Number of protein chains: 2
Amino acid sequence: MCEKKFRSTCPISSALDLFGDKWTLLIVRDLLYHGSRTFKDFYQAEEKIPSSRLADRLKKLEQLGALTKENHPTNKKVFIYRLTQKGKDLAPVIVDLITWGNKHLEEHISEESKEFAKRLEENREGVLKELMK
Amino acid sequence: MCEKKFRSTCPISSALDLFGDKWTLLIVRDLLYHGSRTFKDFYQAEEKIPSSRLADRLKKLEQLGALTKENHPTNKKVFIYRLTQKGKDLAPVIVDLITWGNKHLEEHISEESKEFAKRLEENREGVLKELMK
DNA sequence: ATAATTGCTTTCAAAATTGAAGCAAAATGT
DNA sequence: ACATTTTGCTTCAATTTTGAAAGCAATTAT
């Protein structure tokens with residue numbers, strides 16, 4: 001049953017089998033920053049994910065158990081997505097991508113992100129703890 | 001000139017524009033573990049990358065400045081690939097993927113990787129230092 | 001009652017990926 | 001010296017994935 005899913009028994013390769021694309025970790029990013037999001041929220045992010053892609057990435061992440069989908073308390077048409085612990089555990093990866101990007105793509109990174117990256121360098125553990133709570 | 005290359009000024013999204021696929025970080029992985037590799041070495045890795053993909057990922061990583069390509073000292077047909085500092089700086093990302101994979105995909109991860117992950121948990125900084133040197 | 005919003009699904013062309021075969025230069029074997 | 005193998009790719013057809021746009025049904029707002 002896993003034979004089709006993973007290329008090898010390497011944890012890196014296996015993680016990439018799940019997250020190795022241009023969109024999945026951006027969904028995780030938005031949830032790390034905001035705690036909870038709706039379809040529309042993700043859809044309106046700067047990077048402009050196509051709704052078809054967004055729908056299937058959310059489905060995959062839910063099936064994987066990295067996020068949950070629950071009803072909005074008052075609006076039946078809206079769903080609320082949140083990270084599970086499995087999803088939150090991706091925070092270190094995300095945070096290291098920020099550090100790498102900030103160091104090596106500095107010229108085109110936003111000031112806001114640079115400041116976040118600075119906080120990270122000063123206190124990685126603290127920032128991580130905050131993000132994952 | 002960057003307008004086509006990056007979807008936004010977010011460092012995460014930008015890093016994913018460069019590394020967000022199933023193969024690129026496996027090349028980095030092999031170089032982190034082994035120091036230097038040849039085309040054949042990468043090609044023979046467990047995950048079976050197609051040679052066409054390998055060729056263009058190596059080219060992209062070289063253009064990006066994440067690795068260098070140099071001549072073999074005695075065999076003119078062989079090239080030696082090595083990580084630059086820019087490439088080595090991806091080590092934290094790789095290492096966090098190992099930690100995540102080991103925790104959440106435990107049942108299908110090799111014993112060898114589990115042991116490495118254990119060393120990581122005990123001494124992340126030390127292992128990182130070793131990998132990046 | 002009508003219009004707008006939300007969370008999708010559908011469609012389809014374009015782009016990326018795979019797997020296999022091919023190839024030239026260099027190295028190795030005899 | 002000559003044939004064979006190795007190495008590092010390139011090429012190509014077939015399949016898969018993606019992106020852009022349109023569509024849609026069930027609410028919700030007016």
Side-chain angles (χ1 to χ4, degrees), chain A residues 3-8 13-27 30-31 34 36-64 67-83, chain B residues 3-8 10 13-14 16-28 30-31 34 36-64 67-82:
Chain A
E3 281 98 74
K4 284 280 170 56
K5 208 170 180 182
F6 296 112
R7 289 168 292 175
S8 76
S13 139
S14 303
L16 291 175
D17 286 331
L18 301 172
F19 306 111
D21 68 74
K22 299 208 184 307
W23 295 113
T24 303
L25 288 180
L26 292 188
I27 292 174
D30 287 355
L31 287 171
H34 297 104
S36 68
R37 297 262 94 180
T38 65
F39 192 95
K40 191 191 172 200
D41 291 333
F42 293 120
Y43 185 65
Q44 291 179 334
E46 225 189 332
E47 292 86 6
K48 301 289 168 238
I49 185 170
S51 57
S52 48
R53 250 13 50 237
L54 176 53
D56 77 49
R57 292 300 194 270
L58 286 172
K59 197 177 293 175
K60 279 184 186 173
L61 283 168
E62 194 190 353
Q63 283 169 354
L64 177 63
L67 54 75
T68 58
K69 178 182 185 176
E70 52 186 79
N71 292 313
H72 187 279
T74 65
N75 188 326
K76 286 188 178 177
K77 200 70 181 108
V78 174
F79 300 95
I80 309 227
Y81 296 93
R82 288 179 206 282
L83 290 178
Chain B
E3 281 99 73
K4 283 281 169 55
K5 208 170 179 182
F6 297 112
R7 288 169 292 175
S8 76
C10 165
S13 138
S14 302
L16 291 175
D17 286 332
L18 301 173
F19 305 112
D21 67 73
K22 299 206 184 306
W23 295 113
T24 303
L25 288 180
L26 293 188
I27 291 174
V28 176
D30 287 355
L31 287 171
H34 296 104
S36 69
R37 298 261 93 178
T38 65
F39 191 96
K40 191 191 171 199
D41 291 333
F42 292 121
Y43 185 66
Q44 292 179 335
E46 224 189 333
E47 292 85 6
K48 300 292 167 235
I49 186 170
S51 57
S52 47
R53 243 24 36 236
L54 176 54
D56 78 50
R57 291 302 193 269
L58 287 172
K59 197 177 293 173
K60 279 184 185 173
L61 283 168
E62 194 189 354
Q63 284 170 354
L64 177 63
L67 55 75
T68 58
K69 178 182 184 175
E70 52 186 79
N71 291 312
H72 188 278
T74 65
N75 187 328
K76 285 189 179 176
K77 200 69 181 110
V78 174
F79 300 96
I80 310 230
Y81 296 94
R82 290 178 205 283

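Small disclaimer: the values here were computed from a predicted structure and weren't measured.
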Between K40(B) and dG8(D), does any side-chain N or O lie under 4.0 Å from OP1 or OP2?
-> no
Side chain of S51(A): nearest nucleotide among dT10(D), dT6(C), dC8(C)?
-> dC8(C)
Taking every non-hydrogen atom, the tightest pair across D21(B) and L18(B) = OD2-O, 4.4 Å
For the pair made of NZ in K59(B) and P in dG8(D), what is the distance, rounded to whole Å?
-> 15 Å
Sugar-phosphate, base or nothing in reach of K48(B), heavy atoms under 4.0 Å | nothing
Using a cut-off of 4.0 Å on non-hydrogen atoms, how would the nucleic acid contact of Y81(A) be classed: base, sugar-phosphate, or nothing?
-> sugar-phosphate
Distance (rounded to the nearest 0.5 Å) between L61(A) CG and T68(A) OG1 | 11.0 Å
I80(B) CD1 to L67(B) CG distance, which is reported to the nearest 0.5 Å = 13.0 Å
Take atom NE2 of H72(B) and atom C1' of dT7(D), then tell me their distance rounded to the nearest Å.
-> 11 Å
Specify the separation, in whole Å, of atom CZ of F79(B) and atom P of dA24(C).
-> 17 Å
Short question: side chain of R57(A), backbone of L26(A) - any donor-acceptor pair under 3.5 Å?
-> no
Interatomic distance, W23(A) atom CH2 to R7(B) atom CZ [nearest 0.5 angstrom] = 4.5 Å
In residues 44-51 of chain A, what donor-acceptor pairs under 3.5 Å come from side-chain atoms, sequence neighbours left out?
| residue | atom | partner | partner atom | Å |
| --- | --- | --- | --- | --- |
| E47(A) | OE1 | R29(A) | NH2 | 2.9 |
| E47(A) | OE2 | R29(A) | NH1 | 2.9 |
| E47(A) | OE2 | S8(B) | OG | 2.8 |

Donor-acceptor side-chain pairing of D17(A) and S14(A) below 3.5 angstrom = no
Could you give the CD1-to-C1' distance, from I27(B) to dG8(D), as a whole number of Å?
-> 14 Å
Value for CZ (F42(B)) from NE2 (H34(B)), rounded to nearest 0.5 Å, stands at 10.0 Å
Once you round it to whole Å, what is the distance between C1' of dG8(D) and CD of E62(B)?
-> 13 Å
Of R53(B), K59(B), K60(B), which meets side-chain hydrogen bond (donor to acceptor under 3.5 Å, both in side chains) against D56(B)?
-> R53(B)
In whole Å, what is the span from the CG atom of N71(B) to the P atom of dG8(D)?
-> 11 Å
Nearest whole angstrom, please: distance from the P of dT18(D) to the CD of E47(A).
-> 16 Å
L54(B) atom CG is separated from dT10(D) atom C1', nearest whole Å, by 13 Å
Grab the N/O contacts between the protein and nucleotides 12-18 of chain C below 3.5 Å, and write none if there aren't any.
| residue | atom | partner | partner atom | Å |
| --- | --- | --- | --- | --- |
| dT17(C) | OP1 | R57(B) | NH2 | 3.1 |
| dT18(C) | OP1 | W23(B) | NE1 | 3.2 |
| dT18(C) | OP2 | W23(B) | NE1 | 3.1 |

For Y43(A), which contact category applies under a 4.0 Å heavy-atom criterion: base, sugar-phosphate, or nothing?
-> nothing
Distances for protein N or O near nucleotides 27-30 of chain C N or O, under 3.5 Å:
| residue | atom | partner | partner atom | Å |
| --- | --- | --- | --- | --- |
| dA27(C) | OP1 | K76(B) | N | 2.6 |

